[in-house]
A.B. asks: 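The structure that follows is given in the form of structure tokens.
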Number of protein chains: 2
Amino acid sequence: MGTAKLDEFTVRDNRIARYAKALGHPARVAILKFLITKKNCVCGDIVDVLPLSQSTVSQHLKELKEVGLIQGEIDGKRVCYCIDPKEWELAKRSIADLMDSFVTKGITCC
Amino acid sequence: MGTAKLDEFTVRDNRIARYAKALGHPARVAILKFLITKKNCVCGDIVDVLPLSQSTVSQHLKELKEVGLIQGEIDGKRVCYCIDPKEWELAKRSIADLMDSFVTKGITCC
DNA sequence: AATTATCATCGTATATTTGCGATATTGAAC
DNA sequence: GTTCAATATCGCAAATATACGATGATAATT
């Protein structure tokens, strides 16, 4: 128990869920927003902006990297993060497909 | 510890995170998809479709109801669930705003 | 070579999520 | 009123997530 039964669902549903989960914490949302506004991909400046410790931020960055939404390149002693355009596009479309598939027909419920 | 520091982030970022978190499990994605395709808002049929027990499905429904994405109306001994159009629209726009705010400028990283 | 700066990882504590069976609850059917 | 069917809720166990300080690794600086 305690383990999500991921195998039992479709690849598509899992993909949506995986991306959504990555967006499911305000710190990660803030990190992504920051990476978007700063054209040049900054690194540890993220730590300065967030109300979290360096290790916690690093943890969030790791998660974002694992789902593929961001990339991290080593640049000297710094690490340079940025959005991964392809993966971002895929995430965007996966979630948008779901959200757009609902259209109101005036009927609220039952 | 172990508690997310939600107060430290903006209302907007928290809103995005809250909606995204609700979509962050394939079972909930599947439930939402099911509610979208079935125009008439079915109830316990959801249990038959998912590979989860009744109590677990009920739990997921509760979470979706708590973020507001779905409504549940009691209809006799059954309960009738459906998408909440207004909240859905808000969620859709909140997430889309974030996702659309990134535009590639050809530059991959650094 | 020693020091410093930047970042990742480890270990740990706590909280939350996921899942299920068992047990309410409530309306329908008899 | 008793039984049945549909849901919700409770209580539990296991897995994950969140957060932080301490430590490790590595490159730049001195």
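Quick note on labels: first sequence line is chain A, next is B, and so on, each numbered from 1.
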A.B. asks: Considering heavy-atom distances to DNA chain D, does B/Gly44 or A/Thr56 have its closest nucleotide positioned more toward the 5' end?
C.D. replies: B/Gly44
A.B. asks: Using whole Å, what does the distance between atom C1' of nucleotide D/dA5 and atom CG of B/Asp48 come to?
C.D. replies: 13 Å
A.B. asks: Under a 3.5 Å threshold, yes or no: a donor from one side chain and an acceptor from the other, between B/Ser58 and B/Ser55?
C.D. replies: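 Side chains of B/Ser58 and B/Ser55: no pair found under 3.5 Å.
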A.B. asks: Base, sugar-phosphate alone, or nothing: which one does B/Ile74 contact when heavy atoms must sit under 4.0 Å apart?
C.D. replies: nothing
A.B. asks: What's the closest nucleotide to the A/Lys77 side chain, out of C/dA5, C/dA8, C/dG27?
C.D. replies: C/dA5
A.B. asks: Can you see which heavy atom on B/Lys65 is nearest to which on B/Gly72, and at what distance?
C.D. replies: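 Of all heavy-atom pairs spanning B/Lys65 and B/Gly72, the closest is CD-N, 4.0 Å.
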A.B. asks: How close or far is atom C1' of D/dT26 from atom CD of A/Glu73, stated in whole angstroms?
C.D. replies: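 The distance from CD of A/Glu73 to C1' of D/dT26 comes to 17 Å, rounded to the nearest Å.
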A.B. asks: Specify the separation, in whole Å, of atom CG of B/Leu52 and atom C1' of C/dT18.
C.D. replies: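 Roughly 9 Å, once rounded to whole Å.
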A.B. asks: If each of A/Ala4 and A/His25 is mapped to the nucleotide of DNA chain D with the nearest heavy atom, which maps nearer the 5' terminus, i.e. the 5' end?
C.D. replies: A/Ala4
A.B. asks: Would you mind reading off the distance between A/Arg18 atom CZ and D/dT16 atom P, rounded to a whole angstrom?
C.D. replies: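 Value for this atom pair: 15 Å.
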A.B. asks: To the nearest Å, give me how far apart CG (A/Asp45) and P (C/dA5) are.
C.D. replies: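 Taking CG of A/Asp45 and P of C/dA5, I get 16 Å after rounding.
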A.B. asks: To the nearest Å, give me how far apart CD (A/Glu63) and C1' (D/dA17) are.
C.D. replies: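 It works out to 7 Å between those atoms.
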A.B. asks: Under 4.0 Å: is that the gap between some side-chain N or O of A/Arg28 and OP1 or OP2 of D/dT18?
C.D. replies: yes
A.B. asks: If you measure from CD1 on A/Ile31 to NE2 on A/His25, what distance do you get to the nearest 0.5 Å?
C.D. replies: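 The distance works out to 9.5 Å.
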A.B. asks: Distance check: side-chain N/O of A/Lys21 vs OP1/OP2 of D/dT16, anything under 4.0 Å?
C.D. replies: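 It does not, given that no N or O in the side chain of A/Lys21 lies less than 4.0 Å from OP1 or OP2 of D/dT16.
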A.B. asks: For C/dG19, does the base pair up with any side-chain atom of B/Ser53 as donor and acceptor (N or O, under 3.5 Å, distance only)?
C.D. replies: no
A.B. asks: Answer yes if the side chains of A/Tyr19 and A/Glu87 hold a donor-acceptor pair under 3.5 Å, and no otherwise.
C.D. replies: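 Indeed, the side chains of A/Tyr19 and A/Glu87 share at least one donor-acceptor pair under 3.5 Å.
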A.B. asks: For a quick check, tell me whether the side chain of B/Gln59 and the base of D/dA8 share a donor-acceptor pair closer than 3.5 Å.
C.D. replies: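 Absent.
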A.B. asks: Of A/Ser55 and A/Leu6, whose closest DNA chain C nucleotide lies nearer the 5' terminus?
C.D. replies: A/Ser55
A.B. asks: Between D/dA6 atom P and B/Gln54 atom CD, what is the distance in whole Å?
C.D. replies: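 Spelled out: CD on B/Gln54 to P on D/dA6 is 10 Å.
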A.B. asks: Does B/Tyr81 put a side-chain nitrogen or oxygen below 4.0 Å from OP1 or OP2 of D/dA6?
C.D. replies: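 It does not, given that no N or O in the side chain of B/Tyr81 lies less than 4.0 Å from OP1 or OP2 of D/dA6.
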A.B. asks: With respect to the phosphate group of D/dA8, does any side-chain polar atom (N or O) of B/Ser58 fall under 4.0 Å of OP1 or OP2?
C.D. replies: yes
A.B. asks: Would you indicate whether B/Arg18, at its atom CZ, is surrounded by more than 12 heavy atoms from other residues, nucleotides or ligands within a distance under 6.0 Å?
C.D. replies: yes
A.B. asks: Just the rounded figure in Å: distance from P of C/dC7 to NE2 of A/His60.
C.D. replies: 17 Å
